[in-house]
Chemist: 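Here it is, the structure in full.
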Protein chains: 2
Amino acid sequence: MSASKREDLVRNALKSFNRGGFHALGMDRLAKETGVSKTAIYKHFRTKEDLILAVLRLRDEQFRNWMVRRVEALAQSPREQLLAVFDTLGEWFDEPEFRSCMFIKASSEYQDHSHPVHAAAAEHKRLLNQYLNRLAGAAGAEAPEMLARQLMLLMEGAIVLAHLHAPGTIAADARAAAAALMDQQGL
Amino acid sequence: MSASKREDLVRNALKSFNRGGFHALGMDRLAKETGVSKTAIYKHFRTKEDLILAVLRLRDEQFRNWMVRRVEALAQSPREQLLAVFDTLGEWFDEPEFRSCMFIKASSEYQDHSHPVHAAAAEHKRLLNQYLNRLAGAAGAEAPEMLARQLMLLMEGAIVLAHLHAPGTIAADARAAAAALMDQQGL
DNA sequence: TCGTGCATTGACAGAACGGTCAATGTTTTT
DNA sequence: AAAAACATTGACCGTTCTGTCAATGCACGA
């Protein structure tokens, strides 16, 4: 039962950290919100930072799995899938629990590049870039790395602006921009 | 002298908050770093939040002034100026003190849209959007609002990724993407 | 039935948090 | 020179922070 308890804790902590910030949410309130006493939490994780890292690992897996699945459900060809990425973003933005990207927030609160939390955030984005890179290559882009980096720009920008203002047409704007960039690469 | 003392305080606080986060940096350390005692700070600002709002007001003015000036120095025609925006971003990213955008970080730490700090961040981005909008209109874009929103996506994305990874080619990638989007609008 | 081991707990420690206040300079006015 | 006005300070308040620990409950094997 210990493993599943731990997973439950991380899953609940994910939700709590998503609402409050990392520094803003203390361990006492976290204990209350997860229903796990502080001492029990510290049995599983040596420090708050370790717990945050576990939360980010779960979130990385969760988010990338979800995105790949949704994209594959929405479109078949690599070209269409690249566009579908922005449709999935739109779905995400419209969720009532949407509160920006946990990794962008993490890198905002842990600015030092050598900090493990910052490194975890960077790694997550690197993996997303890799995914777009693969799609761009399969779609036959002339410069797949460049296209992937540019689509990453649109994606991160969309996340930030959807959180700052209301979601509105942001995902659609990003999708249209992505289409234009793909056009330019002969897709 | 009171007015200038206050301005000094805000200017120094701006630097300090830029290094540490908003929640992460306490008032005691802030007092030490600014050289102004805590009591003196609270003479000028009722709460920490008020000080943060003053810092953000200064940063908004500072940043937008700097960007407009640099852009006008780098290019004359509206079309060239739109591209020059991304050159100025590149200059910013390469500064050793670059630590992402203060407003993105603010909206990360103050997620509630009704929170004054979040609102200040949203307003800053709205003003930047307005600036791009004006340039896009002057350049003769077919859909200037749309183009401005898309360039905002590239800009915010570039800031986030330049902070997460190293600056690298990010500003150049964003500039190339902007050129493609402007092409599409007949510019 | 009695231990043995493990999970859980409330209370606590020491430091740091935002914010306040009486006391002490330091000007400025008369 | 005396006094009124202002600026600044270190010490302090109650709370909350991360992290700890002795005590308790509880399952399970002998």
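The analysis underlying the following values was restricted to heavy atoms, covering all of them including side chains, and did not include hydrogens, waters or symmetry mates. Per chain, numbering begins at 1; letters A, B, ... match sequence-line order.
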Chemist: Is there a donor on the side chain of A/Thr39 or the base of C/dG10 sitting less than 3.5 Å from an acceptor on the other?
Modeler: yes

Chemist: List the protein contact pattern of nucleotides 12-18 of chain C with one symbol per nucleotide (5' to 3'): B for base contact, S for sugar-phosphate-only contact, - for none; contact means a heavy-atom distance under 4.0 Å.
Modeler: -----SB

Chemist: Would you mind checking if B/Asp28 and B/Lys32 are paired as a salt bridge, meaning a charged N to carboxylate O distance below 4.0 Å?
Modeler: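 No, no charged N to carboxylate O under 4.0 Å.
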
Chemist: Could you state the CG-C1' distance from B/Asp50 to C/dG19, rounded to the nearest angstrom?
Modeler: 13 Å

Chemist: Quick one: A/Ile41 CD1 to C/dG10 C1', roughly how many Å, whole number?
Modeler: 14 Å

Chemist: Expressed in angstrom and rounded to an integer, what is the separation of A/Ile52 atom CD1 from D/dG19 atom C1'?
Modeler: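 Atom-to-atom, A/Ile52 to D/dG19, this comes out as 14 Å.
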
Chemist: With a 4.0 Å cut-off on N to O distance, would you call B/Arg29 and B/Glu33 a salt bridge?
Modeler: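 A salt bridge links B/Arg29 with B/Glu33.
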
Chemist: Please answer whether the main-chain N or O of A/Ala119 pairs with a side-chain N or O of A/His113 as donor and acceptor at a distance below 3.5 Å.
Modeler: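 No, A/His113 side chain to A/Ala119 backbone: no donor-acceptor pair under 3.5 Å.
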
Chemist: Roughly how many Å is it from CZ in A/Phe45 to P in D/dT20, rounded to a whole number?
Modeler: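 Distance check: A/Phe45 CZ to D/dT20 P gives 15 Å.
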
Chemist: B/Arg6 has an atom CZ; how far is it from atom P of D/dT8, in whole Å?
Modeler: 13 Å

Chemist: So how far is it from A/Asn18 CG to A/Arg59 CZ, rounded to the nearest 0.5 Å?
Modeler: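 If we round to the nearest 0.5 Å, A/Asn18:CG and A/Arg59:CZ are 6.5 Å apart.
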
Chemist: Taking 4.0 angstrom as the limit, do A/Lys125 and A/Glu156 come out as a salt bridge?
Modeler: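 A/Glu156 and A/Lys125: salt-bridged.
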
Chemist: With the threshold set at 4.0 Å, does a side-chain nitrogen-carboxylate oxygen contact exist between B/Arg11 and B/Asp8?
Modeler: yes

